[in-house]
Every structure is written in C-alpha cells, then in structure tokens.
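Quick note: residue numbers are just sequence positions, from 1. Values below: every heavy atom of this structure, side chains too, minus hydrogens, waters and symmetry copies.
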Amino acid sequence: MARIRDQDACPGALQVHRAADGALARVRLPGGLITAAQLEALARAATDWGASTLELTSRGNLQIRGVTDTGAVAEAVAAAGLLPSPTHERVRNIVASPLSGRVGATADIRGLISELDGAIQADADLATLPGRFLFGIDDGRGDISGLAPDVGVHVEAADAALLVAGRDTGVRLRMRTAVSTMVDVARRFAAIRGNAWRVKELSDTDVLLGGLSPTVDPGVTWPAVTRPPVGWLEQHDGRIALGAAVPLGVLPSRTAEFLAAIEAPMVITPWRSVLVFDLAEDVADVALRVLAPLGLVFDENSPWLSVSACTGRPGCEHSRADVRADAVAAIDEPAAGHRHFVGCDRACGSPPTGEVLVATGDGYRTRDAHP
C-alpha cells in the first residue's frame, strides 16, 4: 500500500494521535522496562482520563486510548519518570531481549539498555529521527534480531554483530563500542533519510556504516519470534519470573493495578505480554492464582498466543470491521500459525511472520505481503 503522507505522525505522550475514539497517547519504555509504581501511575491515568485500559504495542510500549485530558496524562507520565526528555520522547524506541540476565545461557545486556537510552537523549541530532525508527539489543538468543530493528547488535560471546535493517552487516564490535556505533548509524540515517521512516526504505544502506568494514560474510538474518515466554520461569538465582500474555494486547487498568501490587520489576515484551521478575516461590504462586482468573494467559499452549489484531472499529476510522471481536470469535478455529486481524491494508501492528487477515467489509482476505 502506498504511503499516504510523508510527515511522521507517530504518537507519543506529548504528540498524541487523534483517533476515532479520542486522543491516543503512547509511552515509550526502552527495553520494555517499567516499575510497579510506574505501571500503577499509567493505570490510574487510563482510568481517570482514558478508556480504562492500557494497550501493549509490538515494540514493548504502552498506550492509552480515548484520552479526554491530554495535558493531565502527559503530566502523569512525566511525574512517573517516564518522560525524561520531551525533545526525544518519541525516538526512545529500544527493544531488548526481555529475559536477559535472568533466564537462559546468554549474555546480560541489561546495562546496554540504559546506556543506549542515555546516549539517544544526549544527541540533539537524534531528536529528528522518525518515531518508527527502532533500536534493537539481542543477547544472543535471536528473539530481538528476528524483529529486524533498523539498527541493532546481536551479542556473540565478547563481541557483537552490528545489524542494519535486521541483517548482519558482517561488522563485529567490542561491547564497549556497541552503543556509540548504534548512535553513529542512527545519526547518519537522520542526516540522509529524506522522507524515509525506516532504514529498509533506503536504496543504499552501506553508507550508514561510515567506513566500518565487515570481517565476516554479511547478510545473515534471524527467524521471527511471534510467541512470548509465558508461565513459570526459573531464574538463574533460583527466584521465579512469571510470563503473562495479554489477549489482543489489551490490559484492563484494574488488572494492571493487580500486577503493580506485586511490587516487582517488570518488562513489557514486543509480543504483547508482561514479565514479572525476582519473585519468591510463594509470592509467585499467589500472584499466579490471582492473575490467571483476571484473563492473563500463563499457558504456553493457549490459542491466545497465536492471534493478534489491530485496533479496528470503533477506535480506528480506517477499519472496515471490529477486528478484535472477530479475532475473539475465531480463537478456537484451527490455524497453522500466527494470525493477525487488521481492519485495512495499513495492517498496523503486524508481526514479521504469519498470516495477516485484512477486513474487506464482507469477511477477510489474506494480505499478499507483510508491511
């Protein structure tokens, strides 16, 4: 589908999107990181000035729909410490391996998240990046590299592969230079992008390397991951992490308040789920018993892990159907892989793989290619 505008109108907490159901505010969470107090603050803001839900995005961010007082929501976001840079608030798009350092035999990249976030905010040139530009940090397990970030690193032992548009450039970096190199690539993109929103829109991406030379063959990509880690996950330190999928990415404010009441570190994943970390077994057991009846999904075999949808009607004026209702109605239908229901050819929120079903006004058709 041809682009209908060249100006990037991607929403943030300050620059909202005027949707059919009211203003939409999106809060960036670099690496998906959020504290219990911050989640509680956003849940209260959604209750007081929004639709009483939080929506989880495919980049591990949160958004509030139906906002009636945009100023009050922005103030609440800032007071919660989630708006550290008004000039860079829409460009702090960082996805990172959410289990890093806690589950799995991979590198611990958690420190790189805050380092990269700080470097982005400190660079005035990066304030002009489109709101769709995506940074990625993969700890070696391949979950984030499969999301094809515009610029990213994929950790390999003591080194990291530099990725551009989701492909290995063949350049290898020492970990101490990973953040500065990603910022350099992003700065070059900002300088030459014209009206391009994503790196993949450029005809030549080699110019972004700035003279860095590959030392291995370039071109490697990673398979896309569409299913979140769910259930009871044992951490390296013996404590427990709980992984909860959020059906269709819509988290009721009241459920968010229950999550916040656990008072534990959390991550919002790019697969519309929540990870709650560092729990004692007895606390994890109680939390599981409370949260499961509220609709959160802890079963890795649940059909909810294989279906997603855009906003659809009535929230989106472009949609030709209530796609979320149709996705719910189709949840028990046999399917070979992931299905994403969308209301128009823009196919918002589509995962990088699986079947994209586009509403026609008289049923659905399969989209020929992913956006």
Verdict with reasoning, Arg365 to Asp345, per salt bridge (charged side-chain N to carboxylate O under 4.0 Å, His left out): CA-CA 10 Å; Arg365 62 172 174 80; Asp345 253 325; 2.6 Å; yes
Where Ile120 and Ile94 come nearest, the two heavy atoms and their spacing: CD1-CD1, 3.9 Å
For the student: nearest non-hydrogen atoms of Pro98 and Phe277, plus distance: O-CZ, 3.3 Å
Contact check, side chains of Val323 and Val342, non-hydrogen atoms, under 4.5 Å: no
Heavy-atom neighbours of Asp217 CG exceed 12 at 6.0 Å: no
Joint hydrophobic cluster, Leu251 plus Leu248, side-chain heavy atoms closer than 4.5 Å: no
Non-hydrogen side-chain atoms of Leu62 and Glu55 separated by less than 4.5 Å: no
CZ (Arg44) with more than 12 external heavy atoms under 6.0 Å: no
Chi angles and distances behind the side-chain hydrogen bond (donor to acceptor under 3.5 Å, both in side chains) call for Arg65, Thr311: CA-CA 10 Å; Arg65 300 193 70 87; Thr311 298; 3.2 Å; yes
Side-chain heavy-atom pair Arg346, Cys316 within 4.5 angstrom cut-off: yes
side-chain contact (heavy atoms from CB on, under 4.5 Å) between Ile268 and Ile34, worked out: CA-CA 7 Å; Ile268 307 299; Ile34 189 167; 4.2 Å; yes
Donor on one side chain, acceptor on other, Ser306 and Arg339, under 3.5 Å: no
Chi angles and distances behind the side-chain contact (heavy atoms from CB on, under 4.5 Å) call for Val230, Asp299: CA-CA 7 Å; Val230 298; Asp299 179 5; over 6 Å; no
Matching residue for Arg102 among Gln235, His236, Arg239 - test: side chain to side chain contact (heavy atoms under 4.5 Å, CB included): Gln235
Smallest separation among heavy atoms of Leu275 and Gly243, with atom names: CD2-CA, 3.6 Å
Within one Ile-Leu-Val-Met-Phe-Trp-Tyr cluster: Ile64 and Phe258, side-chain cutoff 4.5 Å: yes
Between CG on residue Leu173 and OG on residue Ser180, distance to nearest 0.5 Å: 8.0 Å
Heavy atoms of other groups near Asp204 CG, more than 12 under 6.0 Å: yes
Straight-line distance of Asn93 CG to Phe135 CZ, nearest 0.5 Å: 8.5 Å
Rounded distance (nearest 0.5 Å) linking atom CZ of Arg110 with atom CD of Glu115: 15.0 Å
Basic-acidic side-chain contact under 4.0 Å: Arg193, Glu201: no
Trp49-Leu42 co-clustered via ILVMFWY side chain contacts under 4.5 Å: yes
Check: Ile262 and Val286 side chains under 4.5 Å, non-hydrogen atoms: no
Pairwise side-chain contact, Val67 with Leu24, heavy-atom cut-off 4.5 Å (strictly under): no
For Ala245 against Pro247, the heavy-atom pair lying closest together: O-CD, 3.6 Å
His340 side, atom NE2; Ser350 side, atom OG - distance, nearest 0.5 Å: 4.0 Å
same_hphob_cluster(Leu39, Leu83) at 4.5 Å side-chain heavy-atom cutoff: yes
Closest approach of Leu242 to Leu288 (non-hydrogen atoms, all atoms of both residues): CD1-N, 4.1 Å
N/O donor-acceptor pair under 3.5 Å between Arg272 side chain and Gly249 backbone: no
Side chain proximity check, Ser253 to Ser52, heavy atoms < 4.5 angstrom: yes
Inter-residue atom distance Arg92.CZ - Leu82.CG, 0.5 Å rounding: 8.0 Å
Verdict with supporting geometry, Leu212 and Thr169, side-chain contact (heavy atoms from CB on, under 4.5 Å): CA-CA 9 Å; Leu212 293 172; Thr169 63; over 6 Å; no
Validation row: Arg90, Arg28 side chains within 4.5 angstrom (heavy atoms): yes
Mutual orientation of the aromatic rings belonging to Tyr364 and Phe341 [parallel < 30°, tilted 30-60°, perpendicular > 60°]: perpendicular
side-chain hydrogen bond (donor to acceptor under 3.5 Å, both in side chains) assessment of Thr366 paired with Glu355: CA-CA 7 Å; Thr366 301; Glu355 187 177 26; 3.1 Å; yes
For the student: nearest non-hydrogen atoms of Pro149 and Ile144, plus distance: CD-O, 3.7 Å
Cluster overlap Leu129 with Val199, hydrophobic side-chain contacts below 4.5 Å: yes
Check: Leu305 and Trp271 side chains under 4.5 Å, non-hydrogen atoms: no
CZ (Arg18) with more than 12 external heavy atoms under 6.0 Å: no
Phe133 six-ring centre to Arg198 NZ/CZ under 6.0 Å and within 45° of normal: no
Thr226 side, atom OG1; His338 side, atom NE2 - distance, nearest 0.5 Å: 6.0 Å
Flag if over 12 foreign heavy atoms under 6.0 Å of CZ, Arg167: no
